[in-house]
Amino acid sequence: MSWGSELWDQFDNLEKHTQWGIEYLEKYTKFVKERSEIETSYAKQIRNLSKKYQPKKNSREEEESKYTFCRAFLTTLNELNDYAGQHEVIAENLTSQIISELSRYLAELKAERKSHFHDGRKAQQHVESSWKQLESSKRRFERDCKEADRAQQYFEKMDADINVTKADVEKRSSHKARQQAQMRHQMAADSKSDYSTYLQKFNQEQNEHYFTVIPNIFQKLQEMEEKRIERIGVCMKTFADVDRQVLPIVGKCLDGMTKAAESIEPKTDSQQVVESYKSGFEPPGDVEFEDYGQAMKRTASETSLSRETKEKPVSKSKGKLWPFIKNKNKLSLKLGSGPEDFSHLPPEQRRKKLQGKLDDLNKDIQKEMDQRDALTKMKDVYVKNPQMGDPASVDPRLSEIGQNIEKLQFEVQKFEGWLAEVEERMPSKSDTHRRSGLYETQNNTTVSNNCAQDRESPDGSYTEEQNSETQVKANINPVPNTNPVPTSTTPEFDDEFDDEETLPTIGTCKALYPFEGHNEGTIAVAEGELLYVIEEDKGDGWTRVRRNEEEEGYVPTSYVEVFLETNAKDS
């Protein structure tokens, strides 16, 4: 069906229809643009979500990376980040392949439509002008015919009237009337000829207008409209293809999440708990029956020697089981503080830390050696080809690398010595026959300063505490312990056996800075918060505080300003 032949008289309706078509295309363009904005916003929210749950850069991150379920969640977050990137790709492709193209096409479409309707109006004005000329010639022909008819009637009347007076004859002769009638007839004939010419011209132009000019214009409008419809169909297909193109990568992201989930191994993670917290100590032996009034004697494991002393009354120790004693020194294991040789850690954890440090040092040495080899080769090239560089320019860097290697090797020897020490002293399951005799001899012999057992506490963690006299001085002027080697004096039990009872308040403190307190044994405080002090800093950098009867824990001493009570200072 052709618009030119079927809609020849629907110029105004076609103008409205094509304008509506353009507006519809603009509406579709706006729809795609809003979809693109949604994809961009969604991608941003997904990226922010992934970033929000990424592990923080702290000591806890290393701890989490040991477990398969933590690694699986991290993989899921990374895959989710890539998944968000695919939605950004969708938004970009919608913009470049549809929105930008349709915006350019709309400008061309509007210009083309305007040109076609301009030509149609021009053709219509031409036909209307020709019609007016025809109407004008027609009216002139009609007027001239009437004038000629009146002149003929007047001549005939004059010629037939026998009663005409002499004066009338002189004024209006029959001859003059005849001439006037003839002239009018000639004018009528000319007007008729003009009218006939204009009529023929108009019919020809009208025929050309309705059968040639307008059909051609309407045909172009029809082609323009069909192209518009075809274009919107292509865009709708692209709209779906843009999504389909990213499905393979989205599928890989989802496959990665599934694979990560399938990689979780509960047995491995539970074994990792053993690896993370195993102390290397053996459980304590049975408590022997003693007569009342005599000092209690514990058949202890090799790892619990040298902690008991006759200086402290037995009544202070209420016989609580060691595994349930609260010990602030466990904090040092979680917070990463402690001496260079990791002597504050239990044997097994100390061995792992020392081995890890050795591995890092050996890697650093290998890097330095690789750099030295590369510089040595460069120097050889300079020696053989002086024009390429000065061999002496490499010497300072080689000397620096040599010094670095020496320092690192010295560190390796130091840590290897500590590692050998801890491996030698770690108890084995076959050593149970040694346990009975060692308890007696240990209390009667002087232990070497390098012996890590001097720092072993009943609950299996090392301490840096000194004897009672030294401890009183430390409470008055707490000084961080910078010497990892303990004194040769025999340490004693402190009041940690009474930790299950409510400790008295010895003062107050004000938080200078906020502290989150994520680690076990710590307590979160807000800046400016007032708390009660229940245990002063004993040189490890931590002060024990209480918020209420149920909330207590350790905070960094440097984060608070302590106000001790007078009787607490004098005690």
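Worth knowing before you read on, the calculation uses all heavy atoms, side chains too, and leaves out hydrogens, waters and symmetry mates. As the structure is a prediction and not an experimental result, all values here were calculated from the model.
Using a 30° and 60° split on the angle between ring planes, Tyr53 and Phe73 fall in the perpendicular class, above 60°. The aromatic rings of Phe31 and Tyr28 sit tilted, their planes meeting at an angle between 30° and 60°.
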Ser41 and Glu37: CA distance, side-chain angles, deciding distance, side chain to side chain contact (heavy atoms under 4.5 Å, CB included) verdict: CA-CA 6 Å; Ser41 175; Glu37 291 171 352; over 6 Å; no

Full working for salt bridge (Lys or Arg N to Asp or Glu O under 4.0 Å) between Lys414 and Glu411: CA-CA 5 Å; Lys414 184 169 62 174; Glu411 290 289 310; 3.1 Å; yes

Verdict with reasoning, Gln366 to Asp370, per side-chain hydrogen bond (donor to acceptor under 3.5 Å, both in side chains): CA-CA 6 Å; Gln366 187 60 46; Asp370 291 342; 3.0 Å; yes

From CA spacing to verdict: side chain to side chain contact (heavy atoms under 4.5 Å, CB included), Leu354, Lys357: CA-CA 5 Å; Leu354 290 171; Lys357 184 69 176 178; 5.6 Å; no

Test log, rule side chain to side chain contact (heavy atoms under 4.5 Å, CB included), inputs Thr543 and Cys509: CA-CA 10 Å; Thr543 299; Cys509 69; 5.8 Å; no

Test log, rule side chain to side chain contact (heavy atoms under 4.5 Å, CB included), inputs Cys253 and Leu80: CA-CA 7 Å; Cys253 293; Leu80 192 64; over 6 Å; no

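Here the NZ-CD distance, from Lys52 to Gln45, works out to 12.0 Å after rounding to the nearest 0.5 Å. Of the inter-residue distances, the one linking Ile264 atom CD1 with Tyr67 atom OH reads 14.0 Å to the nearest 0.5 angstrom. Arg544 CZ to Ile506 CD1: the interatomic distance, rounded to the nearest 0.5 Å, is 11.0 Å. Once rounded to the nearest 0.5 Å, the distance linking CG of Leu375 with CG of Asp395 reads 10.0 Å. The CG atom of Leu361 lies 11.5 Å from the CD atom of Gln413; values are rounded to the nearest 0.5 Å. Between the NZ atom in Lys237 and the CD1 atom in Ile98 there is a gap of 11.0 Å [rounded to 0.5 Å].
Comment: Glu88 engages Arg47 in a salt bridge, judged by a side-chain N to carboxylate O separation of less than 4.0 angstrom. A salt bridge links Asp241 with Arg244: at least one charged nitrogen is closer than 4.0 Å to a carboxylate oxygen. Arg547 has a carboxylate O that lies under 4.0 Å from a charged side-chain N of Glu529, or vice versa, which qualifies the two as a salt bridge. Salt-bridge annotation for Glu39 and Arg35: present, with a side-chain N of the basic residue lying under 4.0 Å from a carboxylate O of the acidic one.
Considering only heavy atoms from C-beta on, Thr68 comes within 4.5 Å of Arg71 through its side chain. Side-chain atoms of Val562 and Glu536, non-hydrogen and from C-beta on, never get closer than 4.5 Å to each other. Looking at Glu368 and Asp364, their side chains never come closer than 4.5 Å, going by heavy atoms from C-beta outward. Contact annotation: the side chain of Leu531 never approaches that of Val560 to less than 4.5 Å [non-hydrogen atoms, C-beta and beyond]. Considering only heavy atoms from C-beta on, His87 stays 4.5 Å or farther from Ile46 through its side chain. At a threshold of 4.5 Å between non-hydrogen side-chain atoms, the residues Lys379 and Thr376 do not count as touching. Proximity of Tyr559 to Val525: side-chain heavy atoms (C-beta onward) are nowhere separated by under 4.5 Å. Contact of the Gln54 side chain with the Ser50 side chain is registered, since non-hydrogen atoms from C-beta on lie closer than 4.5 Å.
When every heavy atom of Glu79 is checked against every heavy atom of Lys252, the shortest pair comes out as OE1-O, 4.2 Å. Closest approach of Ile365 and Leu408 over heavy atoms only: CG1-CB, 3.4 Å. Residues Ser263 and Ala72 come closest through the heavy atom pair OG-CB, 4.4 Å. A pairwise comparison of heavy atoms in Ala511 and Ala526 identifies CB-O, 3.2 Å as the closest pair.
Proximity of a side-chain donor or acceptor of Asp243 to a complementary backbone N or O of Val246 within less than 3.5 Å is not detected. A donor-acceptor contact shorter than 3.5 Å is absent between the side chain of Ser276 and the backbone of Val273. Ser36 contributes no side-chain N or O that, together with a main-chain N or O of Val32, makes up a donor-acceptor pair within less than 3.5 Å. Between the side chain of Thr29 and the backbone N or O of Ile99 there is no donor-acceptor pair closer than 3.5 Å.
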Tell me which donor-acceptor pairs under 3.5 Å the side chains of residues 398-405 have, and how far apart each pair is, sequence neighbours excluded?
| unit_1 | atom_1 | unit_2 | atom_2 | d |
| --- | --- | --- | --- | --- |
| Glu400 | OE1 | Arg397 | NH1 | 3.3 |
| Glu400 | OE2 | Arg397 | NH1 | 3.3 |
| Asn404 | ND2 | Glu400 | O | 3.4 |

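Heavy atoms of other residues, nucleotides or ligands lying less than 6.0 angstrom from NZ of Lys352 number more than 12. The environment of Tyr532 atom OH is sparse: at most 12 non-hydrogen atoms of other residues, nucleotides or ligands sit within 6.0 angstrom. Within a 6.0 Å sphere centred on NZ of Lys510, heavy atoms belonging to other residues, nucleotides or ligands number 12 at most. Counting heavy-atom neighbours within 6.0 Å of Phe69 CZ, excluding the residue itself, gives a total above 12.
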